[in-house]
Amino acid sequence: RNRPQRTLSLPEFQRYSRQLILPEVGRPGQENLVNSSVLVVGCGGLGCPVIQYLAAAGVGAFGLVDNDVVDTSNIQRQILHMESDSGKLKVLSAAETIKNLNSSASVYLFNLTIDSSNALEIVSQFDLVVDCTDNVATRYLLNDACFLQKNGRIPLVSGAALRWDGQITVYKEDSCCYRCVHPNPPAPESVTNCSDGGVIGAVCGVVGSIQATEALKILAGIENSLCGNMIIYDGLRASTRTIRLRPKRPDCKLCGERKEIKELVDYVQFCGMSANDKDKNLDLL
Amino acid sequence: RNRPQRTLSLPEFQRYSRQLILPEVGRPGQENLVNSSVLVVGCGGLGCPVIQYLAAAGVGAFGLVDNDVVDTSNIQRQILHMESDSGKLKVLSAAETIKNLNSSASVYLFNLTIDSSNALEIVSQFDLVVDCTDNVATRYLLNDACFLQKNGRIPLVSGAALRWDGQITVYKEDSCCYRCVHPNPPAPESVTNCSDGGVIGAVCGVVGSIQATEALKILAGIENSLCGNMIIYDGLRASTRTIRLRPKRPDCKLCGERKEIKELVDYVQFCGMSANDKDKNLDLL
Amino acid sequence: MEVTLEFCGGAETAHNRGEKFLTFKSENKEPKVSDIFAQVRRKKLIDDIDALIESDKDVKPGVLVLINDADWELFNEAEYQVCKNDRITFVSTLHGG
Amino acid sequence: MEVTLEFCGGAETAHNRGEKFLTFKSENKEPKVSDIFAQVRRKKLIDDIDALIESDKDVKPGVLVLINDADWELFNEAEYQVCKNDRITFVSTLHGG
Ligand SMILES: [Zn+2]
Ligand SMILES: [Zn+2]
């Protein structure tokens with residue numbers, strides 16, 4: 001955000017020509033992109049297309065968060081991890097892809113679980129966060145961490161996929177936040193994850209690509225966004241639509257009038273669920 | 001289509017577990033996939049995600065059609081071609097990706113322009129065609145070639161992207177065909193291509209991923225599809241919807257009552273446009 | 001008046017193991033959403049109603065209610081006066097990635 | 001009656017260089033789509049009408065007309081009797097890939 005701003009080189013004009021010629025992008029938009037930074041939380045089904053399309057579009061710097069290694073069952077949907085990457089850290093595999101697509105991009109790796117102890121500091125280093133996570137707790141965490149930034153709210157592009165379904169929305173500036181939409185966490189037993197319910201890889205592609213489109217618009221400085229709406233995709237029935245969401249709730253504990261939440265809380269405790277999709281329920285005695 | 005049918009190996013159960021557990025897929029659906037073949041026409045913006053997601057999903061055999069080499073300006077959206085692939089044949093780069101994601105898939109390369117002289121024979125070798133082309137002439141060609149097959153109509157999953165917009169539909173069985181929707185080709189000067197108008201890479205990702213979802217359903221033997229509808233995506237305004245298309249037209253020259261078109265025609269002549277997006281208009285003196 | 005309920009985002013599993021739509025006649029001539037919820041509960045029109053509806057005026061956490069593709073909160077939630085041809089949709093919020 | 005025309009898939013460029021919607025009062029009380037087309041042409045309500053409309057009863061090749069998100073061919077095309085709150089959409093068919 002206060003990094004030295006660079007201009008486009010001649011080869012970059014050729015390279016990004018197909019988006020430079022869009023009136024909404026142009027040279028100013030592309031220069032915004034090459035000088036921007038994005039934090040991708042989760043290098044799984046949603047993170048893969050987000051990473052690929054933002055790297056290809058010329059985003060200048062990436063932060064990648066994931067504490068997992070590539071497993072055989074991931075390749076069915078996590079299409080930047082190859083068979084030969086089995087056992088490799090997901091962040092390393094993802095970083096290689098970024099460098100292969102865009103050798104001038106910077107990549108910062110966070111091979112960890114993002115939580116209340118580190119989220120504010122990690123998020124603060126980036127212009128935008130893309131939520132590609134697989135659990136409820138981290139979604140509340142990212143929502144709060146983006147909102148509670150000293151220098152102002154950081155945009156959060158949120159996506160989710162399960163079975164044949166996808167949902168995408170954007171939280172930024174004066175819009176509602178995740179807590180406005182979900183004042184209370186769902187009951188743990190009502191939450192299904194991809195391990196239990198399954199997921200179609202290409203559905204993750206739809207969701208991640210829409211997330212990348214939204215991130216790109218914000219980073220390029222384009223006014224339009226999904227903010228205030230949500231895209232719902234049903235891959236089985238081939239139906240899709242954009243729905244309108246509520247505005248900011250005055251009684252929201254985070255962004256409402258009283259601003260009751262002033263610092264990060266224990267989200268695993270709050271949700272009664274773990275911050276990954278492996279060991280779901282906790283015994284909160 | 002009359003190939004020997006194989007069953008799933010034990011490692012494949014682990015590998016495809018996240019889609020095997022979907023009731024609509026299951027073991028029968030996955031076995032359909034590993035025994036299926038798909039022809040991807042165009043290894044560009046739309047072809048890349050189609051190839052990635054179908055290879056990852058376990059499709060057994062691919063035919064790839066493209067006569068182009070990877071250019072620097074492609075990497076902005078064609079995310080399976082890397083910087084180091086510059087100058088390489090697109091079909092070779094794509095084949096490498098397939099093998100990296102799924103070493104048991106077969107790949108057949110067609111490093112050529114598909115046209116009236118070869119389309120019927122090429123298409124006949126596959127269970128499904130995904131139209132990832134960039135021009136009008138080839139879209140008519142593929143439509144006719146899929147319909148005119150001796151052993152019955154081959155499903156055609158059609159997608160298109162330009163600027164911030166995407167459109168996807170499916171033509172199969174008793175649905176309308178491309179000629180029902182477009183009895184006459186557009187005037188050449190009204191057609192904008194990605195070189196002239198530009199395109200956002202992630203929008204190609206949305207379109208290609210939806211195409212892959214549709215192809216996967218058909219190949220797996222799932223009844224639901226986009227057939228009879230069209231998905232329209234506006235990435236700039238973040239709006240998306242599914243619209244209803246007309247049924248088969250009784251007066252359609254290809255699939256209508258009189259079946260006037262019984263063989264492939266000269267589509268470049270018919271459209272007054274070339275079969276690629278480089279040299280658009282022809283002087284038809 | 002005929003009422004159509006729609007289920008998506010996984011809410012389909014609450015009714016007839018995957019049914020997308022449920023259509024029935026409203027007992028009231030001019031029902032509020034709360035009247036619809038009450039009728040659905042009393043007549044057991046949704047198989048697993050407890051997955052979606054908490055009370056006549058509220059839904060379970062993680063469930064959104066849409067009225068013609070807009071959040072019911074924009075229309076005063078359960079107090080909304082249902083009109084002819086309105087589509088009421090239950091959306092389960094997804095969390096996977 | 002108030003009529004709303006919508007433009008998408010690139011059809012936006014035909015009106016005011018990117019305008020998505022055009023709303024105006026219909027001269028007829030019960031217009032057909034052909035009446036709408038005639039009025040639009042006569043009053044020059046769309047800047048580049050020739051990009052979209054061929055005649056009062058037809059559109060240019062490559063353009064689809066939707067009535068409430070369904071192909072106008074399902075409603076007898078230009079003969080369709082426009083109703084209150086109907087949304088008429090011009091879609092330019094895309095060909096890029
Ligand atoms: Zn809030
Ligand atoms: Zn036809």
With a 4.5 angstrom heavy-atom cut-off, could you sort out which part of [X] is near chain C: side chain, backbone, both or neither?
X      : answer
A/C204 : neither
A/N184 : both
A/R139 : side chain
A/L245 : both

Of the backbone (N, CA, C, O) and the side chain (C-beta and beyond), which part of C/V91 lies under 4.5 Å from a heavy atom of chain A, both, or neither?
side chain
Which bit of C/T93 is near chain A, if near means a heavy-atom gap under 4.5 Å: side chain, backbone, both or neither?
both
Do A/C252 and A/C177 have side chains that approach each other closer than 4.5 Å (heavy atoms only, starting at C-beta)?
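The answer is yes, as the side chains (C-beta and beyond) meet within the 4.5 Å cut-off.
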Which atoms form the tightest heavy-atom contact between A/L141 and A/I114, and what is the distance?
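It is CD2-O, 3.4 Å.
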Between A/Q78, A/R241, A/R163, the one whose heavy-atom pairs under 4.5 Å with chain C are most numerous
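Highest number of heavy-atom pairs under 4.5 Å: A/R241.
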Under 4.5 Å, counting heavy-atom pairs only, tell me which of A/V203, A/L162, A/V136 racks up the most with chain C.
A/V136
N-O pairing of [X] and [Y] below 4.0 Å:
X     : Y     : result
C/D35 : C/K32 : no
C/R41 : C/D50 : yes
A/D85 : A/K90 : no

Check for me whether the distance between the ring centres of A/Y178 and A/Y140 falls short of 6.0 Å.
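That pair passes the under 6.0 Å test.
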